[in-house]
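Every number for a ligand or one of its atoms is a count from 1 in the order of the listing.
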Amino acid sequence: MANSSVSGACDPDGPLLLPATQFDWEAPVPDNFRSIPVLDYNLVLSGVPEERALFMKQLGVVAKKIGFAYLINAPVDQQVVDRLIELLPQLFGLPKEKKLAICATKSPHFMGYLQTGHEVTVGKVDHREQFEFGPDRECKYQEGQPEYLKLKGPNQWPSEHDLPTFKDTVSKYIDQVSSASFKFIEDIAESIGMPRTAFDKYFDDAAREGCRIKILHYPAMDNFAEGEDDQGVGAHKDNWLTFLLQASNDVSGLEIQNNAGEWFVAPPMPNSFVVNFGIGIERITHGAVIATTHRARNPGKGQPNRFSVALFQEAAYTKSMEPWTDEERNLAGCAKTTEISAGTTYGRVSDALPHSMPFDNVGEATLWNRIRSHPDIGYNHYSADFVKRVLEEGPNSHPLAAEIAAKVGARGYAQASRPSTPTPNVTPSESPAVSPSAHTHTSSPASIASGGTTLHSESNKSVGMFPQSKISLLEEKLALLSCGDEPAVRVYAVAEPGRNAALVVEKGEIEKDIIAKNRMLANKLEVSQSAYKGMTANSPLMQGLDRASKNSYDPVTNPRGIINLGTAENRVMASAVADKRFDPSMLQYGCFYGSLRLRTAIAKTLNKHFRALTPLTESNVTVLAGCSAAISAMFSSLCNPGDTVLIATPYYGGFDWDVCLSSGASLIKVHTAAPDFALSPELFEAAYAAASVAPRVLLITNPQNPQGTTISAATLLALLEWAAEKQLHVVVDEIYGLSVYAETPCEFVSVLALPVPDPARTHVVWGPSKDFCLNGLRVGACVSFNDNLQSAMRSIAILSNIAVNTDNLFARLLEDSEWVARFIDENCGVLRALYERTTVALDRIGVRYLKSNSGFFIWMDLSPWLTAHPKASAAESEMMLWEEFLEHGVYLAPGCAFSAPVPGYFRLGFAVEWEILEVALTRMSEVLST
Ligand SMILES: O=C(O)CCC(=O)C(=O)O
Ligand SMILES: [Fe+2]
């Protein structure tokens with residue numbers, strides 16, 4: 001019996017195994033193809049029409065002739081994939097009792113662990129153990145409804161303690177690969193000449209929530225019993241669309257059968273997915289897309305174990321899998337390529353969904369298949385009648401099939417064939433007993449994410465558009481909002497006719513409710529409310545940085561990557577700073593609020609370059625690990641929880657964290673007006689008068705971010721006078737104070753250079769992140785003549801104190817005052833040149849922007865381009881445009897990240913090499929010209 005599955009395996013004298021990357025796309029695909037080609041998704045992501053067309057042509061060949069391909073550069077975060085791969089040996093290495101504690105036999109949703117011997121393909125036991133996970137969701141099944149609704153439900157996770165980050169990693173993996181697969185199914189339609197929406201009708205919201213994955217472990221044959229074969233999974237076709245991750249780079253196992261009936265190996269290819277189509281797609285496309293038979297073999301003796309992760313996209317359970325009608329196909333000129341006969345194509349076997357669908361819908365067919373593979377789970381959780389029908393259908397080699405057949409009274413079952421390999425050793429304790437009592441159905445509460453037309457009634461308000469693939473995430477958030485006795489906020493995620501879902505919130509005292517809910521949720525997590533706010537905040541600045549750094553542009557190695565113009569970093573002058581080296585001897589604690597040496601160096605530098613009216617000494621400076629820490633220490637020292645801080649919009653969104661999180665204070669946003677966003681005491685006076693809690697601090701940034709402009713000395717003085725009258729503290733963040741490239745000197749005036757009316761209440765924050773390209777160094781200085789404030793800040797500096805080496809390094813840099821002066825000069829020259837070149841390009845595109853003189857931003861008004869999305873609100877359109885830029889490889893910071901008073905503004909950071917900036921500007925103009 002050994003190796004019986006190998007018959008028909010690769011003929012060593014057969015055609016050469018062509019390296020996948022050299023696949024000859026022009027030649028007709030021979031029936032006896034011996035490799036599968038590589039599809040590069042960058043051809044789609046590049047946005048270049050010719051490349052897209054090439055991809056579609058190649059995918060068409062794959063769809064019609066091969067059924068399998070490697071897909072590289074899929075829009076999936078490689079770090080998530082790598083993390084998952086890293087976790088797999090630990091997952092399967094969990095003690096047996098921990099794995100069995102989340103055994104799938106306990107789950108009506110077939111979620112969880114299945115040990116070897118519990119799956120059978122074409123009459124033989126598969127030698128693989130597996131975990132099945134899906135999007136975490138409530139089960140919507142209720143008594144009396146079709147049983148297949150029970151298939152979708154919550155996961156059984158290994159505990160966070162046993163496997164830290166596993167749940168998060170798998171959830172992200174499912175989310176991202178599902179999204180990629182939903183794009184890909186549209187690509188498949190396009191590749192065979194159908195509209196991209198041709199498959200849409202086979203999906204519903206539940207299907208689009210995300211796909212299931214099977215995490216698979218194929219043990220090497222070392223411990224196999226004598227005579228056992230190497231069937232990891234027997235020959236089969238998949239159901240619909242599979243994204244397979246071959247997670248062990250050094251061991252093959254997947255084998256594919258070509259159209260001549262021969263088998264060949266598809267070796268692992270790092271950083272790729274193997275995609276393949278199932279018989280569902282084959283059926284509805286009338287064979288225009290083929291489903292190809294494949295199998296997996298266990299690694300031989302002495303080889304490493306093999307891991308893989310299969311993500312199975314499924315059609316909607318509620319739909320029937322009716323093939324495309326003739327009209328649908330004729331419309332797109334899609335020829336009827338192959339007549340599909342039941343069960344077989346090209347003489348290949350199929351162990352999946354039958355081609356002729358004797359079922360009302362996909363859900364029933366899926367449940368049928370699942371129970372056929374796992375009659376024990378069927379018996380534990382589904383009606384005896386359904387299990388009986390499945391078992392009566394034909395032979396079933398599951399180790400418990402005979403026992404279950406007897407219990408449900410399946411007729412004729414005695415004739416069923418037994419496994420052709422030794423029955424795996426299944427002890428009762430490993431295989432949770434088939435208990436008749438488990439037949440009682442537990443009805444789960446209805447999900448809050450109900451669909452339906454009532455949601456669009458007058459009383460509802462749409463508050464956001466989200467890709468459908470994100471609905472499950474929304475639901476999670478909404479479930480949080482709505483938990484408690486009575487849902488205080490009724491929120492629904494519903495599909496819109498297009499490709500987005502709308503989040504609908506019923507009118508009501510939403511703000512108040514959310515605050516109350518947040519308090520409750522913070523209590524539940526036993527964290528403070530401000531920490532909870534931080535934990536749940538999700539700024540585009542963070543998201544953009546994350547996405548841009550994970551797929552960062554490089555002209556040689558990643559020319560299609562994202563160019564980051566959104567993050568406030570001066571990268572253009574970084575190399576000029578890099579030759580200032582660290583002193584490695586500084587390994588002991590230093591002064592927690594900055595060494596005397598560093599504080600002195602900072603004081604001297606600011607005295608000189610900010611032209612301080614009253615010279616600073618080291619006693620006026622407290623240093624922390626970055627300006628966020630400095631601002632946080634300053635506001636924690638100035639404010640009590642509940643205090644308020646006046647701030648003009650647009651402002652650097654990070655203040656939401658820096659100012660509020662530790663202090664418990666909140667921001668009162670004072671809206672300025674486009675196009676110049678000017679500040680005035682009157683503006684603040686109005687907000688002051690309207691505030692229910694008297695403000696305690698006025699926070700100003702100068703030079704301004706995101707505007708890239710300076711505040712005139714006259715305006716500053718007027719603001720300081722007004723604040724002094726009100727006894728407000730004024731904090732001026734001057735972090736861009738040395739990056740002033742204005743044509744006329746003195747366009748920037750530091751508050752330290754002014755005769756301030758209330759010196760004890762006037763404070764400055766400065767650090768080298770921006771002016772010296774040292775974001776990563778983490779140095780931030782609180783500058784103030786107020787001794788009490790200094791001691792308060794120094795007392796909490798230990799919570800985020802500067803590293804000694806950093807302290808030393810930066811002190812040495814500043815002490816080289818000639819170098820500092822030269823650097824500032826050179827930096828400003830470079831910034832000026834880049835500003836000019838960038839604005840010339842923007843003028844050419846026709847983009848309006850605020851004229852800047854400092855920092856390294858251009859605050860662009862892209863509102864004329866928002867009208868491209870008539871159905872969405874302006875704020876939604878801003879995010880859509882943002883997304884479009886990202887998809888075209890440019891990250892710009894959207895105005896909402898700065899609480900911009902009007903939608904449609906974007907911040908462009910131009911402190912990058914001109915060659916790169918130029919590429920980014922071209923990409924921008926491409927987006928704006930479509
Ligand atoms: O693990 C593999 O390589 C193949 C898995 C597979 O084909 C399946 O589970 O459907
Ligand atoms: Fe498969």
Side-chain angles (χ1 to χ4, degrees), residues 5 20 35-36 66-71 81 84-85 88-89 91-92 104 110-111 113-122 124-134 173-174 177 181 211-221 230-257 263-270 272-282 289-300 303-314 345 348-353 366 369-370 372-374:
S5 59
S35 69
I36 56 169
I66 304 169
F68 261 91
Y70 295 102
L71 181 67
V81 177
L84 179 58
I85 292 175
L88 299 183
L91 172 68
F92 288 102
F110 296 77
M111 295 294 195
Y113 174 68
L114 276 176
Q115 56 187 328
T116 302
H118 274 252
E119 208 172 34
V120 170
T121 309
V122 274
K124 284 203 302 187
V125 169
D126 298 329
H127 297 300
R128 62 179 189 177
E129 51 172 345
Q130 55 184 290
F131 286 87
E132 198 156 329
F133 299 102
Y173 183 90
I174 290 176
V177 184
S181 80
C211 311
R212 280 171 180 260
I213 61 170
K214 268 189 184 186
I215 303 184
L216 301 160
H217 170 217
Y218 300 91
M221 291 179 73
D230 62 352
Q231 173 167 310
V233 58
H236 67 282
K237 296 177 184 180
D238 290 348
N239 285 346
W240 178 261
L241 172 62
T242 305
F243 270 54
L244 176 74
L245 173 71
Q246 300 209 70
S248 307
N249 279 337
D250 43 3
V251 45
S252 296
L254 175 64
E255 293 185 353
I256 296 169
Q257 192 175 39
W263 291 94
F264 65 90
V265 176
M269 170 184 287
S272 75
F273 291 98
V274 173
V275 290
N276 79 283
F277 320 117
I279 56 172
I281 293 184
E282 187 176 70
V289 178
I290 63 168
T292 293
T293 305
H294 55 284
R295 66 187 179 194
R297 292 167 58 174
N298 294 83
Q303 280 193 280
N305 291 338
R306 174 172 181 263
F307 301 101
S308 68
V309 181
L311 176 133
F312 300 110
Q313 191 187 84
E314 294 174 309
T345 352
R348 291 172 295 175
V349 292
S350 172
D351 198 48
L353 278 173
T366 306
N369 264 325
R370 304 237 58 177
R372 191 170 49 168
S373 295
H374 306 287

For ligand 1, which atoms sit closer than 4.0 Å to a heavy atom of [X]?
X	answer
Ser308	1 (O), 2 (C)
Tyr218	1 (O), 2 (C), 4 (C), 5 (C)
Phe312	8 (C), 9 (O), 10 (O)

Would one find an N or O of Asp238, backbone or side chain, under 3.5 Å from an N or O of ligand 1? yes

Nearest-0.5 Å distance that lies between atom NZ in Lys214 and atom CD in Glu132: 5.5 Å

Flag, side chain of [X] to backbone of [Y], donor-acceptor distance under 3.5 Å:
X	Y	answer
Asp126	Gly234	yes
Asn276	Gly67	no
Asn305	Ala220	yes

When you measure from atom 3 (O) of ligand 1 to each heavy atom in His236, Arg306, His294, which option holds the nearest one? Arg306

Kindly report the NE2-the Fe ion (ligand 2)-OD1 angle for His236 and Asp238 respectively, rounded to 10°. 90°

Do me a favour and list the nearest non-hydrogen protein atom to atom 9 (O) of ligand 1 with residue, atom name and distance? Arg128 NH1, 3.0 Å

Flag for Gln257-Arg295: side-chain donor and acceptor within less than 3.5 Å: no

What I want to check is whether the side chains of Trp240 and Gln313 have a donor and an acceptor closer together than 3.5 Å. yes

Heavy-atom pairs closer than 4.0 Å: do any link ligand 1 to the side chain of Val274, the backbone, both, or neither? neither

Side chain, backbone, both or neither: which part of Arg295 comes within less than 4.0 Å of ligand 1 when only heavy atoms are counted? neither

Does the side chain to side chain contact (heavy atoms under 4.5 Å, CB included) test come out yes or no for His294 and Val274, once each step is laid out? CA-CA 12 Å; His294 55 284; Val274 173; over 6 Å; no

